[in-house]
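The next block holds one structure in the form of structure tokens; read it before the comments.
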Amino acid sequence: MGAHRRGGRASLRAVAGFACNQGFVFSLFYMGANRAFGEGILSFERADLFGTLLFMMVSFGLLRVASPKARGALLARPLLWCYAVLLVVGSIVPALAGNPAPASLALESALVGLPAGLMLAAWGRALGGLPLDRALPAVFVGSAVGATACFAMATVPVEGAAFLLKLLPLGSAWALQALVCAGARPGRGGGAAAAGAGAHDGEAPAVGRAAGASAVQAASAACAAGAASSARAPQGAEPPESPLSLRVLLATPAERAQAARLSLKMVAGTVLFGLAAGFMETYGSDPGMASTPAFPATLLLFVLFCIAALQLLATGGLDLEAGPGAASGTGAAGGPGAATPDDGAPAEPEGPLDDVYRLAVLVMMAGFLFVPVLGDFGVPGEAIVLAGYLGLSAVLVSLFLVMARITGQDAAQSFARGFTALFAGEMAGVALGNVIDVVAGTEQTPYVVVACAGLAALYAFLFLFTERDFRALSVIARDADRFDDACSLIAAENGLSKREAEILPFALKGRTGERIAAEFYISKSTVDTHLRRIYAKCGVHGRQELIDLGERTERRLSGR
């Protein structure tokens with residue numbers, strides 16, 4: 001009960017803090033003026049957005065090339081407050097100064113973009129430390145609350161009310177203080193890449209194992225205790241490293257190849273969705289105007305989207321413990337157990353987010369249709385497109401958390417990789433939109449830009465990162481979550497020691513004694529001793545009976 005209360009408080013803190021982060025980002029990107037380099041037809045529109053995205057990508061690049069120790073220092077709790085203060089100052093000073101010289105845009109973009117990227121990565125780590133069934137709803141609820149705050153400030157007839165939104169980074173840092181302190185839950189995606197998973201980030205598996213030996217012991221201690229709450233990590237340190245690596249969760253070369261293929265398709269699709277949004281950024285306004293004139297309508301539509309997304313998740317899409325998808329999950333040994341409907345055909349597994357993904361793309365494509373068709377009737381088609389894009393961004397945030405869970409990598413790294421792709425596409429869209437604006441006539445520009453944006457989004461959804469791909473990734477993550485919970489429950493109910501709890505997942509996956517010994521740098525005879533003790537404590541007589549116990553525990557957790 002105490003762990004449940006702590007988990008509930010962490011979820012509420014995550015919602016409040018992520019709402020502050022999202023509210024600030026929405027106001028920063030869409031509630032200012034369209035500031036441009038140059039003048040006349042050669043002006044580069046949305047230079048402020050372009051520069052901010054560029055420096056956010058620089059911060060993501062720093063995180064991706066940094067060592068685990070340096071990455072932990074960059075995301076340490078004291079620096080989070082520094083980033084928050086920089087964001088407040090960087091957003092208030094330009095507003096007070098009015099429209100400064102174009103040369104100062106680069107400095108302003110750096111002052112805001114660098115800390116904004118690091119704060120976003122810190123939120124990836126914090127959300128990655130929560131179970132998926134809490135982290136994913138927190139993303140949509142937090143985004144909806146942040147959008148509601150922006151809507152209220154945009155519509156309140158009080159001069160300067162929008163300045164309150166520039167203080168939101170302080171609330172974001174306050175929430176991150178406690179969430180980052182709590183660290184990542186063992187076996188969850190918030191930890192650093194485990195042995196073998198580090199290869200996904202370009203790190204050698206041996207380095208990951210050597211650097212995280214003590215962290216593995218801390219994580220397994222919490223696993224043996226059956227802790228549902230987070231394991232505390234030292235200030236500025238990397239979250240605990242999980243003994244569940246990509247090699248464990250994806251046992252066969254074919255499964256590893258599928259995960260790599262889906263990861264590449266996700267990146268390609270994310271780039272094209274960002275490209276479509278960047279095109280529309282140059283369409284919505286002219287230099288000197290409000291960057292997004294119909295943004296209040298966008299916020300209202302986005303809040304409605306978040307409500308619909310939460311309803312989809314609550315009615316079966318995010319049921320990590322049961323539901324139609326559970327029947328088609330894999331057992332502890334990785335064997336498929338596909339259910340069949342009444343007609344005898346195999347039932348396609350359902351993932352937690354594919355319906356929400358489809359809904360976001362549907363809203364986005366509806367906006368593209370409304371721009372040329374109903375624009376003369378006062379329907380803000382570009383507002384619908386942006387609402388769909390914001391909804392898609394929330395879905396992608398959830399997907400980045402799912403990818404961190406699958407690979408076992410630090411979710412801050414997953415956020416850095418995913419948002420680098422999204423923002424690179426958006427920057428390319430802004431640049432190409434400006435080129436089209438110069439080359440095409442003013443009468444044709446809106447239709448050319450909208451057509452290019454719509455085709456990019458449609459191609460991404462139909463041919464690159466499809467709904468089926470999205471479902472496959474989310475099903476893998478759900479099964480990994482259930483397997484992790486089964487390991488924790490078995491360790492807690494049978495009083496396994498720290499090392500026995502570490503070895504248990506490998507034993508349930510059918511790993512040989514030699515493979516386990518190589519993983520932990522111990523002798524095979526020591527592994528055999530630990531396995532005999534695990535069998536005795538669990539009341540089984542061999543590896544197959546232990547695997548059967550794991551499968552029964554997974555079915556018990558899923559309510560089957």
Side-chain angles (χ1 to χ4, degrees), residues 14-33 46 48-60 80 83-92 94-95 108-124 126-127 138-154 162-176 270 273-274 277-278 281 291-292 295-296 298-299 302-303 305-306 386-398 400 412 415-416 418-420 422-423 425-427 430:
V15 168
F18 194 65
C20 291
N21 183 82
Q22 293 295 84
F24 175 79
V25 170
F26 294 158
S27 65
L28 179 69
F29 286 178
Y30 307 113
M31 294 182 69
R46 295 312 313 271
D48 54 325
L49 175 66
F50 188 91
T52 301
L53 294 177
L54 175 62
F55 281 100
M56 290 182 75
M57 290 178 59
V58 170
S59 66
F60 295 148
L80 295 178
Y83 301 150
V85 171
L86 284 175
L87 288 173
V88 172
V89 173
S91 59
I92 288 180
E108 295 173 11
S109 298
L111 190 61
V112 174
L114 290 173
L118 293 169
M119 288 284 279
L120 188 57
W123 271 110
L127 292 171
V139 169
F140 290 100
V141 175
S143 298
V145 173
T148 302
C150 290
F151 180 81
M153 294 299 102
F163 273 92
L164 294 176
L165 297 174
K166 303 184 185 303
L167 302 178
L168 290 178
L170 300 176
S172 178
W174 164 80
L176 282 172
T270 300
F273 283 126
E281 291 290 345
S291 59
T292 314
F295 194 53
T298 292
L299 292 171
F302 176 61
V303 171
F305 167 84
C306 290
L386 184 55
Y389 173 68
L390 295 181
L392 184 65
S393 299
V395 177
L396 290 175
V397 167
S398 302
F400 301 155
F415 266 45
F419 277 106
T420 295
L422 184 65
F423 291 163
E426 192 167 355
M427 290 172 57
V430 170

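Model, not experiment: these values are computed from the prediction.
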*Go through the steps to decide whether W123 and L176 satisfy the test side chain to side chain contact (heavy atoms under 4.5 Å, CB included), and finish with yes or no.*
CA-CA 7 Å; W123 271 110; L176 282 172; 3.6 Å; yes
*asked:* Please report the interatomic distance CE(M31) to CE(M153), rounded to the nearest 0.5 Å.
replied: 8.5 Å
*Rounded to the nearest 0.5 Å, how far apart are CH2 of W174 and SG of C20?*
8.0 Å
*Go through the steps for N21 and L168 under the test side chain to side chain contact (heavy atoms under 4.5 Å, CB included), then give the verdict.*
CA-CA 7 Å; N21 183 82; L168 290 178; over 6 Å; no
*asked:* Rounded at 0.5 Å granularity, tell me how far CG in L86 sits from OH in Y83.
replied: 9.0 Å
*Can you list the steps and then say if F415 with F60 is a side chain to side chain contact (heavy atoms under 4.5 Å, CB included)?*
CA-CA 8 Å; F415 266 45; F60 295 148; 5.9 Å; no
*Start with the C-alpha gap between V88 and L167, add the side-chain angles, then the distance that decides, and say whether side chain to side chain contact (heavy atoms under 4.5 Å, CB included) holds.*
CA-CA 6 Å; V88 172; L167 302 178; 3.9 Å; yes
*Roughly how far apart are F423 CZ and L120 CG, rounded to 0.5 Å?*
6.0 Å
*Taking all non-hydrogen atoms of both residues, which atom of A138 and which atom of A14 are closest, and how far apart?*
CB-CB, 4.5 Å
*asked:* Distance check, rounded to the nearest 0.5 Å: Y30 atom OH versus L386 atom CG?
replied: 5.0 Å
*Who passes side chain to side chain contact (heavy atoms under 4.5 Å, CB included) against Q22, sequence neighbours left out?*
F18, F26, S143
For residues 388-397, tabulate all N or O donor-acceptor pairs below 3.5 Å that involve a side-chain atom, not counting sequence neighbours.
{"from": "Y389", "atom 1": "OH", "to": "E426", "atom 2": "OE1", "distance (Å)": "2.8"}
{"from": "S393", "atom 1": "OG", "to": "Y389", "atom 2": "O", "distance (Å)": "2.9"}

*Atom CZ of F151 and atom OG1 of T148: how far apart are they, to the nearest 0.5 Å?*
8.5 Å
_Counterpart residues, ring pair (Phe, Tyr, Trp, His ring centres under 6.0 Å), relative to F50 (two or more places apart)_ = F44
_Aromatic ring pairing F302/F305, orientation class (parallel under 30°, perpendicular over 60°, tilted between)_ = parallel
